[in-house]
Amino acid sequence: PTGLCTMMCARLYGPSKIIAIDTDESRLRLAKEKGLADVVLLPGRDEIEARVRAESHGRGADTVFEAAGGTDTFELAWKIARPNAVVVVVAMYEEDQTLPLPRMYGKNLIFKTGGVDGCRCQEIMDLIEAGRLDASFLISHRMSLDDIVRAYDLFEEKADHVMKIAIKP
């Protein structure tokens, strides 16, 4: 599942292909238009597992970032990963997730978990300052600090095609 900022940073490492999976067609369009994703897949329209295998010459993904936190996105993440891949789980889930070890047998996956942290924030800020990262297109709304509650509501409801909201003091 997509994480536009994650794809932007991943591009810095020169991956051969980035596949974005999301239920929001506007985010997929943006990922494609901005060159963040080479392939975009929409659940319900695309057969995700088959397409990932086809795009990876039958192997599966080398690295999977699970950023959605949906009811079946964790399972999808490990299923589309190739054997010995890394699955990075940055999503926040409402319910516990389980590792169905018998079904995962032989995949030898490495799981990395955790939320967003600030340990590489300075590096990202330096990349933005140097012009190597341009995240300005992600800011869809600007609001004052006085409107912070409305900003959170807008973001939570995914209303008005919100991407990111810049808060001004």
Side-chain angles (χ1 to χ4, degrees), residues 1-13 15-56 59-101 103-104 107-121 124 133 135-141 151-166:
T2 60
L4 295 169
C5 295
T6 301
M7 288 185 283
M8 187 181 307
C9 291
R11 275 280 176 231
L12 296 171
Y13 293 92
S16 61
K17 187 179 293 185
I18 294 178
I19 301 170
I21 305 166
D22 202 317
T23 57
D24 185 330
E25 289 187 72
S26 64
R27 286 179 184 262
L28 289 174
R29 251 190 323 278
L30 187 60
K32 190 74 168 160
E33 287 169 9
K34 295 295 183 179
L36 302 179
D38 303 294
V39 177
V40 295
L41 302 177
L42 181 73
R45 179 191 72 194
D46 299 305
E47 175 49 50
I48 305 301
E49 290 181 58
R51 284 290 306 278
V52 169
R53 294 217 190 299
E55 293 291 338
S56 62
R59 292 186 321 267
D62 295 328
T63 304
V64 178
F65 284 86
E66 205 302 79
T71 56
D72 58 353
T73 56
F74 176 74
E75 181 175 9
L76 178 63
W78 68 259
K79 280 184 170 182
I80 62 175
R82 68 162 170 75
N84 301 303
V86 176
V87 178
V88 182
V89 181
V90 293
M92 178 64 83
Y93 297 98
E94 296 292 323
E95 299 177 9
D96 290 345
Q97 302 297 300
T98 58
L99 292 173
L101 296 176
R103 292 177 34 219
M104 299 170 116
K107 290 208 83 163
N108 299 321
L109 298 172
I110 297 168
F111 286 92
K112 295 188 174 201
T113 63
V116 176
D117 62 40
C119 66
R120 307 229 39 194
C121 191
I124 292 169
L133 279 180
S136 62
F137 68 92
L138 295 175
I139 300 172
S140 59
H141 295 70
Y152 272 104
D153 290 342
L154 182 72
F155 194 77
E156 179 70 26
E157 294 167 13
K158 298 179 182 174
D160 195 28
H161 302 288
V162 66
M163 297 296 279
K164 301 290 181 193
I165 302 171

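Please read these numbers as outputs of a predicted model, since none were measured by experiment.
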Euclidean distance, [Y] [atom2] relative to [X] [atom1], rounded to 0.5 Å:
X	Y	atom1	atom2	result
Thr71	Glu95	OG1	CD	8.5 Å
Leu76	Ile21	CG	CD1	5.0 Å
Met104	Glu75	CE	CD	9.0 Å
Asp62	Asn84	CG	CG	10.5 Å
Met7	Ile19	CE	CD1	11.5 Å
Asp38	Lys17	CG	NZ	7.0 Å

Quick one: does [X]'s side chain have a donor or acceptor within less than 3.5 Å of a partner on [Y]'s backbone?
X	Y	value
Glu25	Leu28	no
Arg103	Lys79	no
Gln97	Leu99	no
Asp24	Ser26	yes

Strictly below 4.0 Å, N to O, side chains only: are Asp22 and Arg29 in salt-bridge contact?
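Salt bridge between Asp22 and Arg29, a charged N being under 4.0 Å from a carboxylate O: no.
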Is it true that, when you exclude Lys107 itself, more than 12 heavy atoms of the residues, nucleotides or ligands shown sit nearer than 6.0 Å to its NZ?
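Yes - once you tally the heavy atoms of other residues, nucleotides and ligands closer than 6.0 Å, there are more than 12.
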Take Ile165 and Tyr152 through the side chain to side chain contact (heavy atoms under 4.5 Å, CB included) test and state the conclusion after the steps.
CA-CA 9 Å; Ile165 302 171; Tyr152 272 104; over 6 Å; no
For [X] and [Y], which heavy atoms make the closest approach, and how far apart are they?
X	Y	result
Leu4	Arg27	CD2-O, 4.0 Å
Pro83	Arg59	CD-O, 4.0 Å
Cys9	Leu133	SG-CD1, 4.1 Å
Arg51	Asp46	NH1-OD1, 3.7 Å
Thr73	Tyr93	OG1-CE2, 4.1 Å
Ala61	Ser56	N-OG, 4.4 Å

Taking ring-ring contact (aromatic ring centres under 6.0 Å, His included) as the definition, give me every residue that meets it alongside Phe111, ordered by chain and number, with sequence neighbours left out.
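Applying ring-ring contact (aromatic ring centres under 6.0 Å, His included) to Phe111 gives Phe74.
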Partners meeting side chain to side chain contact (heavy atoms under 4.5 Å, CB included) with Ala159 (sequence neighbours left out):
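Testing Ala159 for side chain to side chain contact (heavy atoms under 4.5 Å, CB included), a comparison that skips the adjacent residues, returns Leu154, Glu157.
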Could you check whether any side-chain heavy atom of Val89 comes within less than 4.5 Å of a side-chain heavy atom of Val87, counting everything from C-beta outward?
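The answer is yes; the side chains approach within 4.5 Å.
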Considering only heavy atoms from C-beta outward, does the side chain of Leu41 approach that of Glu55 to under 4.5 Å?
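Sidechains of Glu55 and Leu41: no contact.
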